[in-house]
Amino acid sequence: MNTKAQLMSDNDAHAPVETKPLAIVAEGLSKTYSEGTIFRKKFNALKEVSFQVREGEVFGLLGPNGAGKTTFIKILLGIIGKSAGSASLLGKPAGSRAGRRMVGYLPEHLRIPPHLNANSALEYYGNLSNLPSRTVRTKRTELLQLVGLADRANDRCKKYSKGMLQRLGLAQAMLHEPRLLILDEPTDGLDPGARAEMRQIIKRLKATGVTIFLNSHLLQEVELVCDRVAILNEGQLRYCGNVSDIGDFIKSRPSETDDALDGLLIVLEVTGDPDAVNAGFEGQTFAVTEHEANGNFTVKLTVADQAAIDELVDRLRDANISIRSLRRERITLEDAFLEIVK
Ligand code: ADP
């Protein structure tokens, strides 16, 4: 730890994240599943995965189906054992009672008994975690306020929307004041309004200093809420860093294919005859992202440099195409993700 970090209290919520203690550490973490009883076929679901999450971060674990995300979370929570390497939570070995006590978990499909209301549901979950009823009763008002359910606390859960149930799930994960929250697909299946509410709550929680580790396939959500991400593909760590640095990372990689995201990503809004538009963009790898009946097209493509943009504009004008707008676009997390896992 450097001097600056030593001068600060570990719990200082305003300290720069890079000086904070480590919340999650994975070192060469591997998991091999064995299938079948006689010819035990081996499958490497995690291959020497190493990364760290610091306290106070909102960190996203991303990857396509089968990448190893659930396996990683199950090892952290001690639901399954690792095959090699090590993992720790807040300085305690993953899966240990001491580590688990400091972690709140919202599983992907938490089934809250429908006959309970928010108050009794929190008592029910509190009892499951051996929390004294008195502690739950003191804590639940504040928690229900935090997740925006205070005025519905006495309504039966069967009347709740999916978003409300998910927010109640978040409140149950926070009951024992964990320092680390692990959220499995927290916004999956929610409508845009409910997703926005969930994002607001995650931001409020972050402000309290709790570390949030979430697993999601909704990349735009992750981009809006996470400070850093790790991307897994086929059990291997392919990226770990700031969401805002991912575009530079992609551009700095040696390009493996012709359509790699190296160069300038631009979006053009043009008007013209479909054949003329095709002719104007001939020789480019382009995607028409919108096409209206009145001949308006929105086209996305990557070009090498400014000279290539000038050349393209000349070609479009020669083909009698009106250019309504042209803008440079930064590489989104989704673009980068698709590039990394392809
Ligand atoms: P993700 O959560 O990213 O979709 P998982 O961690 O669930 O990925 O799975 C990673 C890989 O491990 C997948 O190919 C999956 O089929 C395999 N897998 C998961 N659990 C088991 C298991 N219990 N036995 C054998 N293979 C498994």
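Both ligands and their constituent atoms are indexed starting at 1 by order of listing.
In this model, no donor atom of one side chain and acceptor atom of the other lie less than 3.5 Å apart for D155 and N117.
Looking at F72 against ligand 1, nothing comes within 4.0 Å, counting heavy atoms.
Across Y239, F337, F59, a single residue satisfies side-chain contact (heavy atoms from CB on, under 4.5 Å) together with V229, and that is Y239. Tested against V53 for a side-chain contact (heavy atoms from CB on, under 4.5 Å), the candidates I212, V25, T211 yield a single pass: T211.
Short contacts between ligand 1 and T71, defined as distances under 4.0 Å to a heavy atom of the residue, involve ligand atoms 5 (P), 6 (O), 9 (O). The atoms of ligand 1 that sit less than 4.0 Å from any heavy atom of A67 are 1 (P), 3 (O), 8 (O). Of all the atoms in ligand 1, the ones that sit under 4.0 Å from a non-hydrogen atom of P64 are 3 (O). Listed by number with element, the atoms of ligand 1 under 4.0 Å from a non-hydrogen atom of N65 are 4 (O).
Using a cut-off of 4.0 Å between Lys/Arg side-chain N and Asp/Glu carboxylate O, R140 and E123 are scored as salt-bridged. Using a 4.0 Å cut-off between a side-chain N of Lys or Arg and a carboxylate O of Asp or Glu, E282 and R315 do not qualify as a salt bridge.
In this structure, the side chains of I323 and R317 come closer than 4.5 Å at one or more pairs of heavy atoms. With contacts defined as side-chain heavy-atom distances shorter than 4.5 Å, the pair L175/L143 qualifies.
Here the heavy atom of the protein found nearest to atom 7 (O) of ligand 1 is T70 CB, 3.6 Å. For atom 8 (O) of ligand 1, the closest heavy atom belonging to the protein is G68 N, 3.2 Å. Counting protein heavy atoms only, atom 4 (O) of ligand 1 is closest to G66 N, 2.7 Å. What sits closest to atom 15 (C) of ligand 1 on the protein, heavy atoms only, is F43 CE2, 4.7 Å. Nearest protein heavy-atom neighbour of atom 19 (C) of ligand 1: Y33 CE1, 3.4 Å.
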